[in-house]
Amino acid sequence: MSPEAIQDFTIYKGAIPASYGGRLSSLVALNIRPGNENRINSMFSINPISLHFFSEGPIKNSKLTFSVGGRIADPTPIMNQLSTLDGNTAFYYDAVAKLVYHFDIHNQVAVSFYRSYDHFKFQGDTSYAWQTNILTLNGRSDINKKLSFYYNANSTYYASDINGLQPNYEFRIRNTIQTLEAKASLHFQATEKIYFEGGYDFIHYVVSPGTLTPTQPGSSINAMTLQNELGDESAGYLLGRFDITKYISLETGIRHSIFLNRGPQTIYQYAPGVPASKETITDSIVYPKGATVQRYQGWEPRVMVKIGLNESTSIKMSYNRTNQYLQLISNTIAITPVDYWKLADPLVKPAIADQVAAGVFKNFNNDAIETSVEGFYKTMQNLIDYKNGAQLSMNPYLDADLLSASGKSYGVELNVRKPKGKTTWQLAYTWSRSFIRDNTTYASEQVNGGAYYPSEYDRPFNLSLTGGTQMGQGWTFGWTFVYITGRPDTYPDGTYVINNSIVANYSTRNEDRLPDYNRLDISFSHDSRRSADQKKYTIVNFSLYNVYGRKNPYSIYFQNTDGVLNAYELSVLGTIVPSVTLTFYF
């Protein structure tokens with residue numbers, strides 16, 4: 001999304017308010033700019049691979065305002081100048097728009113739209129694409145000075161495509177998620193120190209696990225469509241915030257959610273006492289449209305305490321329980337990791353997470369330096385994992401290839417920030433671990449012998465350093481450095497022969513890793529403004545991406561050539577990339 005289109009955003013990690021649900025990890029709450037009420041402001045930016053624009057302002061009068069922005073990028077010509085990416089393609093665009101109508105100072109309504117499309121192709125006969133559409137209606141009405149009513153309705157569509165380009169076998173596999181959501185809430189500021197909020201949220205899900213379509217008339221691929229998964233999630237919540245003393249505040253809340261898996265749906269029954277598989281199906285139950293296939297519900301308590309030790313030091317402690325009814329399955333063995341989504345059903349239970357967190361926040365030298373240290377520990381139930389040898393794509397019996405799993409994660413985050421002065425910078429460091437363990441009584445299904453092993457998100461070391469220095473006469477020097485542990489991966493540890501064909505053997509999952517990722521970017525920019533309130537000005541930015549030209553692997557894959565299994569590293573941008581960006585504000 002265009003950065004200029006974002007009014008503000010909040011990242012919830014340790015303490016998630018009861019007004020939000022449906023996710024086990026972090027949450028980003030983002031608001032789009034409502035549009036300037038007094039004048040039209042616009043900007044336009046161009047560099048060798050992309051165009052970017054944004055505009056906002058009133059329409060006829062200050063009661064109706066607009067904001068609109070978009071970006072388009074085609075890095076293919078630049079990529080083809082880089083030896084590591086010769087013959088690959090990429091393309092991206094997104095657009096955002098918002099209209100806000102102010103009936104008066106106490107009542108307003110807004111309509112927002114967002115669309116994105118992303119496509120890329122590495123060397124080979126497969127390309128990948130993603131698209132997202134979001135349409136949102138938001139409104140607020142102040143009933144009186146203390147009580148306000150908020151309402152929201154939105155429609156979302158997400159699609160992921162795998163496109164086969166091999167001659168005579170051209171195809172497209174598409175997975176989609178569609179949602180319709182409505183939410184209403186009351187916000188009551190009882191006193192200056194007491195606040196209450198309560199509301200109700202409803203989401204209707206339509207998940208398409210896969211549609212296989214031949215894309216050329218002569219393709220040998222046969223069309224296939226898996227049955228859609230449908231579900232309804234509803235939740236009610238209540239939260240309160242209390243300033244108990246000048247230095248002690250409390251936020252507590254409770255959320256109750258209900259999920260109904262809906263028909264039409266065919267649910268397979270499997271023989272007891274043996275692992276579930278296509279071969280052990282004993283029966284099937286066909287549920288008609290609208291019928292309840294499975295019902296789940298759960299309470300989600302939340303609490304956060306903030307204790308101020310003095311004007312510059314505070315402690316925060318929190319506990320969260322969250323339920324998630326839509327889960328992600330990732331396959332990282334492929335050259336490009338592919339994601340699949342699964343709704344809770346009779347065999348797949350909703351995931352549950354319990355997290356405790358605590359942190360110390362300290363400012364020094366009259367807020368010249370801001371620091372924080374936070375730690376967390378999280379346990380998870382009913383995660384989904386896949387069996388060894390599972391078929392994730394276009395599998396009508398996917399439930400039989402999945403396992404219920406437990407998870408745990410823990411870590412410490414350190415942030416040091418210098419927001420003032422000629423030179424500003426921020427250091428962020430996280431050490432964290434994430435593990436998963438499958439819960440099955442069948443030894444043949446156990447992954448890594450039933451022991452905990454690193455999950456897809458286990459990247460223990462994560463360091464970033466960003467900053468900038470004002471050099472005078474409008475010039476600024478900026479830098480960004482990142483260092484991240486390589487993500488877990490699974491490599492073959494040998495081969496065996498079946499019917500004269502050499503097959504790779506994978507004995508342990510996620511016991512290997514990609515090499516660590518690190519990169520340095522620098523930039524010089526010139527701002528032509530002579531005063532802070534100047535409306536028309538230009539910014540010229542000269543940047544160097546990946547200054548020391550490190551070939552950070554995107555993935556490592558294996559190919560069998562003449563009976564020899566060879567490993568290959570795929571790096572997206574394995575060289576230094578210079579760029580010049582011109583940005584005009586008017």
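The chain is numbered in sequence order, starting from 1.
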* Decide whether a cation-pi geometry holds between Lys183 and Tyr20; the criteria are a distance under 6.0 Å from NZ or CZ to the six-membered ring centre and an angle within 45° of the ring axis. => yes
CD1 (Ile162) and CG (Asn175) are apart, to the nearest 0.5 Å, by 6.5 Å
Between His52 and Ser50, is any side-chain donor less than 3.5 angstrom from a side-chain acceptor? no
Checking Phe91, Phe120, Tyr158 against Trp130 for ring pair (Phe, Tyr, Trp, His ring centres under 6.0 Å), the one that qualifies is Phe120
Requested in this report: Considering only NZ, NE, NH1 and NH2 on the basic side and carboxylate oxygens on the acidic side, decide whether Glu456 and Arg487 come within less than 4.0 Å.
Outcome: no
Exercise. Between Asp345 and Lys342, does at least one N-O distance fall below 4.0 Å, as a salt bridge requires?
Worked result: yes
What I want to check is whether the side chains of Asp94 and Tyr92 have a donor and an acceptor closer together than 3.5 Å.
yes
Note: Arg550 and Asn518 closest approach over all heavy atoms is NE-ND2, 3.1 Å
Looking at side-chain heavy atoms only, is the closest gap between Asn462 and Val482 below 4.5 Å? no
Shortest non-hydrogen pair, Ile258 vs His256, comes out as CG1-CE1, 3.6 Å
Within the structure provided, determine whether Thr89 and His119 are in side-chain contact (heavy-atom separation under 4.5 Å).
yes
Side-chain donor-acceptor contact under 3.5 Å, Asn439 with Ser406: yes
I'd like to know if the side chain of Asn382 and the backbone of Pro350 have a donor-acceptor N/O pair within less than 3.5 Å. yes
- Query: Crowded around Tyr548 OH? As in, over 12 foreign heavy atoms under 6.0 Å?
  - Reply: yes
- Task: Evaluate side-chain contact (heavy atoms from CB on, under 4.5 Å) for Lys316 paired with Glu374, printing each intermediate quantity in order.
- Result: CA-CA 9 Å; Lys316 292 181 182 179; Glu374 298 180 83; 5.9 Å; no
Next item on the list: Check whether any side-chain heavy atom of Val412 lies under 4.5 Å from a side-chain heavy atom of Val373, and answer yes or no.
Entry: yes
In terms of heavy-atom contacts, Ser455 and Pro488 come closest through O-CG, 3.1 Å
Can you list the steps and then say if Ile556 with Asp512 is a side-chain contact (heavy atoms from CB on, under 4.5 Å)? CA-CA 11 Å; Ile556 294 179; Asp512 303 294; over 6 Å; no
Rounding to 0.5 Å, atoms CE (Met380) and OG (Ser409) come to a distance of 4.0 Å
Pair Asn320-Arg302, side-chain donor/acceptor within less than 3.5 Å: no
Assess the residue pair Val447 and Tyr386 against the criterion (side-chain contact (heavy atoms from CB on, under 4.5 Å)); give the C-alpha distance rounded to whole Å, side-chain angles, the decisive distance to 0.1 Å, and a yes or no.
CA-CA 9 Å; Val447 176; Tyr386 54 90; over 6 Å; no
OG1 of Thr371 to CG of Leu414, rounded to nearest 0.5 Å, is 8.0 Å
**Request:** Ignoring hydrogens and angles, tell me if any N or O in the side chain of Asp516 forms a donor-acceptor pair with the backbone of Gly486 under 3.5 Å.
**Result:** yes
| task | Check whether the side chains of Tyr237 and Glu197 place a donor and an acceptor atom closer than 3.5 Å, and report yes or no. | result | yes
Would you verify whether the NZ or CZ of Lys408 falls within 45 degrees of the ring axis of Tyr452 while also being under 6.0 Å from that six-membered ring's centre? yes
Per side chain to side chain donor-acceptor pair (under 3.5 Å), Glu370 is matched among Arg417, Lys362, Lys418 by Arg417
Nearest heavy-atom contact between Tyr12 and Ile16 is CB-CG1, 4.0 Å
Asn366, CG atom: more than 12 neighbouring heavy atoms under 6.0 Å: no
Which of Tyr429, Phe461, Tyr517 passes ring pair (Phe, Tyr, Trp, His ring centres under 6.0 Å) with Tyr483? It is Phe461
Smallest heavy-atom separation, Val348 atom then Leu402 atom, equals CG2-CD1, 4.1 Å
All heavy atoms of Glu229 vs all of Leu343, minimum pair found to be OE1-N, 3.0 Å
Practice item. Flag the pair Ser393 / Tyr340 as yes when at least one side-chain heavy-atom distance between them is below 4.5 Å, and no otherwise. Key: yes
Assess whether a salt bridge exists between Glu311 and Lys246, defined as any Lys/Arg side-chain N lying under 4.0 Å from an Asp/Glu carboxylate O.
yes
For Tyr117 and Arg115, does a side-chain donor sit closer than 3.5 Å to a side-chain acceptor?
no
To the nearest 0.5 Å, atom OG1 of Thr76 lies from atom CD1 of Ile49 at 10.0 Å
Review point. Do the side-chain N and O atoms of Thr179 and Thr156 include a donor-acceptor pair separated by under 3.5 angstrom?
Key: yes
Heavy-atom side-chain proximity of Asp118 to Ser116 below 4.5 angstrom: no
### Message
Side chains of Asn154 and Asn152: any donor to acceptor distance under 3.5 Å?
### Response
yes
| Between Glu413 (side chain) and Gly359 (backbone), is there a donor-acceptor pair under 3.5 Å? | no
Is there a donor-acceptor contact under 3.5 Å from the side chain of Gln381 to the main chain of Ile352? no
Check: So, the side chain of Thr469 versus the backbone of Met471: is there a donor-acceptor pair under 3.5 Å, distance only?
Finding: no
Looking only at side chains, do Tyr319 and Asp354 share a donor and an acceptor under 3.5 Å apart? yes
Answer yes or no for Lys349 and Tyr296: cation-pi contact, defined as NZ/CZ to six-membered ring centre under 6.0 Å and angle to ring axis within 45°.
no
ask   = Taking the side chain as C-beta and beyond, is there a heavy-atom pair between Arg33 and Phe54 under 4.5 Å?
value = yes
Between Tyr491 (side chain only) and Glu511 (backbone N and O only), is there a donor and an acceptor less than 3.5 Å apart? no
Between Arg437 and Asp385, is there a side-chain N and carboxylate O pair less than 4.0 Å apart? no
- Donor-acceptor pair, Asp401 side chain versus Gln391 backbone, under 3.5 Å? yes
Output for pair (Leu250 CG, Ile307 CD1), nearest 0.5 Å, gives 10.0 Å
Inset, instruction - Scan side-chain atoms only and decide if Thr583 and Ser45 contain a donor-acceptor pair under the 3.5 Å cut-off. - result: yes
* Taking side chain as C-beta onward, heavy atoms only, is Val96 less than 4.5 Å from Ile32? -> yes
dist Phe542:CZ -> His526:NE2 (nearest 0.5 Å) comes out at 10.0 Å
*Any donor-acceptor pair under 3.5 Å linking the side chain of Arg255 with the backbone of Ala18?*
yes
- request: Evaluate the side-chain contact (heavy atoms from CB on, under 4.5 Å) criterion for residues Tyr453 and Thr508: first the C-alpha distance (whole Å), next the side-chain angles of each, then the deciding distance (0.1 Å), finally the verdict.
  value: CA-CA 9 Å; Tyr453 66 92; Thr508 54; over 6 Å; no
Review point. Is there a donor in the side chain of Ser257 and an acceptor in the side chain of Glu300, or the other way round, less than 3.5 Å apart?
Key: yes
Practice task
Look at the side chain of Asn448 and the backbone N and O of Arg509, then say whether any donor-acceptor pair between them is shorter than 3.5 Å.
Solution key: yes
**Message:** Does any part of the side chain of Leu239, heavy atoms only, come nearer than 4.5 Å to the side chain of Phe196, both counted from C-beta?
**Reply:** no
Can you confirm whether the side chains of Asn510 and Asp458 place a donor and an acceptor under 3.5 Å from each other? no
